[in-house]
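I have placed the structure first, in the form of structure tokens, so that the comments after it can refer back to it.
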2 protein chains.
Amino acid sequence: MFSKACEYGIKAIIYIATQSLSGTRVKIGDVANNSGSPEAFTAKILGTLTKHNIVNSHTGPYGGFEISSKQMKQVKMRDIVEAIDGDTIFNGCGLGLNECNHEQPCPMHHKFVKVREEIKTMLTTTTIYDLATEYKSGKTVLMR
Amino acid sequence: MFSKACEYGIKAIIYIATQSLSGTRVKIGDVANNSGSPEAFTAKILGTLTKHNIVNSHTGPYGGFEISSKQMKQVKMRDIVEAIDGDTIFNGCGLGLNECNHEQPCPMHHKFVKVREEIKTMLTTTTIYDLATEYKSGKTVLMR
DNA sequence: TATATTTAAGATATTTTTGTCCAAAATAAA
DNA sequence: TTTATTTTGGACAAAAATATCTTAAATATA
Ligand code: FES
Ligand code: FES
């Protein structure tokens with residue numbers, strides 16, 4: 001469904017957000033350790049998300065990553081996925097035709113579009129804040 | 001959603017099935033030309049599907065690929081996807097945790113499971129025959 | 001049996017994704 | 001200003017996915 005990069009990105013953001021809720025900035029090493037993702041690769045992905053203004057970074061001592069309350073509540077999962085994986089999952093043809101086209105549908109089109117819309121809805125109606133608060137309360141885990 | 005191999009496999013099977021409905025066997029070259037997929041790669045994938053008894057192959061002159069009416073009506077899209085991409089799409093965790101676990105859910109679990117079930121339903125309720133007849137009637141296309 | 005045709009199988013090549021490493025830039029504090 | 005800390009960016013490496021090529025095996029027909 002999502003690329004590894006995207007999975008790592010989502011988990012990193014959720015961890016950073018929960019820490020931000022407590023007012024603490026986190027270093028990339030902490031993120032990797034607490035989300036079960038490779039450190040250097042996760043750093044790359046956070047670089048992308050920083051450019052998209054989904055997370056804020058600060059260099060130097062006492063630096064690290066942080067997400068504001070405003071960001072948490074405004075940014076949807078969809079924004080993260082789109083920033084990393086692009087919009088193929090939201091608009092692309094299920095059978096890989098150059099584009100999804102209602103006029104000349106591929107054999108899977110009708111049924112596929114429904115699922116694709118469900119995915120879009122799921123990711124558009126879920127904010128970072130939603131998942132971060134749930135994770136902070138201990139109801140969910142980022143690694144096992 | 002699906003790998004390229006899986007996309008090619010599905011398109012190949014639909015084309016072979018429509019030809020089988022007319023009683024004609026098709027050669028790998030025809031399949032590639034009519035489904036817009038790379039020939040040698042598609043041959044590999046059809047080898048896999050042949051082993052899974054989803055399609056039948058015949059070597060030699062007048063040989064080629066063919067699917068029986070019985071197979072067409074019994075084999076679900078799910079079988080094709082599972083044969084090529086495995087069962088990760090049906091059972092795997094959306095955030096890449098080693099397995100999906102209801103007891104220790106990842107942050108996306110609840111919403112993700114619903115979508116995953118929709119995908120499973122879509123692929124389990126669609127047979128090769130369904131898509132082949134629709135394609136044969138000209139309502140859908142395999143390439144553009 | 002000899003020949004032509006077609007899939008099967010294995011080796012190889014290319015591209016993309018995933019992942020690591022290291023030096024540079026930014027910055028806070030002593 | 002110097003030092004230590006942290007992200008940033010670029011080069012590099014490894015693994016997986018995608019794709020091609022070549023030869024072998026099977027088989028129908030003459
Ligand atoms: S044309 Fe393939 S999903 Fe719309
Ligand atoms: S645990 Fe992640 S989807 Fe179920």
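The figures here come from the full heavy-atom set of this structure, side chains too, leaving out hydrogens, waters and symmetry mates.
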Distance, rounded to the nearest Å, where A:Asp30 contributes CG and D:dT6 contributes C1': 12 Å
Donor + acceptor pair across side chains of B:Thr42, B:Lys11 (<3.5 Å): no
Minimum-distance nucleotide (side-chain atoms of A:Lys4 versus D:dA28, C:dG19, D:dT18): C:dG19
5' precedence on DNA chain C between A:Tyr62 and B:Thr50 (nearest-nucleotide basis): B:Thr50
Whole angstrom value for the distance that separates P of C:dT18 from CD1 of A:Ile84: 11 Å
5'-most by nearest nucleotide on DNA chain D - B:Phe2 or A:Phe65: A:Phe65
5' precedence on DNA chain C between A:Gly63 and A:Glu39 (nearest-nucleotide basis): A:Glu39
Whole angstrom value for the distance that separates P of D:dT7 from CZ of A:Arg25: 10 Å
Sugar-phosphate only, base, or nothing, as touched by B:Val26 at under 4.0 Å among non-hydrogen atoms: sugar-phosphate
Residue B:Thr59, side-chain heavy atoms: nucleotide from C:dT5, C:dA8, D:dT20 that is nearest: C:dA8
Rounded distance in Å - CG (A:Leu49) to P (D:dG9): 13 Å
Rounded distance in Å - CD1 (B:Ile28) to C1' (C:dT7): 9 Å
Nearest-angstrom distance from the residue atom NE2 of B:His58 to C1' of C:dT6: 12 Å
Distance test, side-chain N/O of A:Tyr8 to OP1/OP2 of C:dG19, below 4.0 Å: yes
Spacing between B:Lys27 atom NZ and D:dA28 atom P, to the nearest angstrom: 14 Å
CZ (A:Phe90) with more than 12 external heavy atoms under 6.0 Å: yes
N-O pairing of A:Glu7 and A:Lys4 below 4.0 Å: yes
Base of C:dT20 paired with side chain of A:Lys44 (donor-acceptor, under 3.5 Å): yes
Exercise: do A:Thr121 and A:Glu118 side chains pair donor with acceptor under 3.5 Å: no
Check against salt bridge (Lys or Arg N to Asp or Glu O under 4.0 Å), A:Glu117 and A:Lys120: CA-CA 5 Å; A:Glu117 289 302 315; A:Lys120 201 182 288 184; 3.4 Å; yes
Selected nucleotide, minimal atom distance to A:Ala5 side chain, candidates C:dT18, C:dC21, D:dT18: C:dT18
Length of the line joining A:Lys51:NZ and D:dG9:P, which is rounded to integer Å: 5 Å
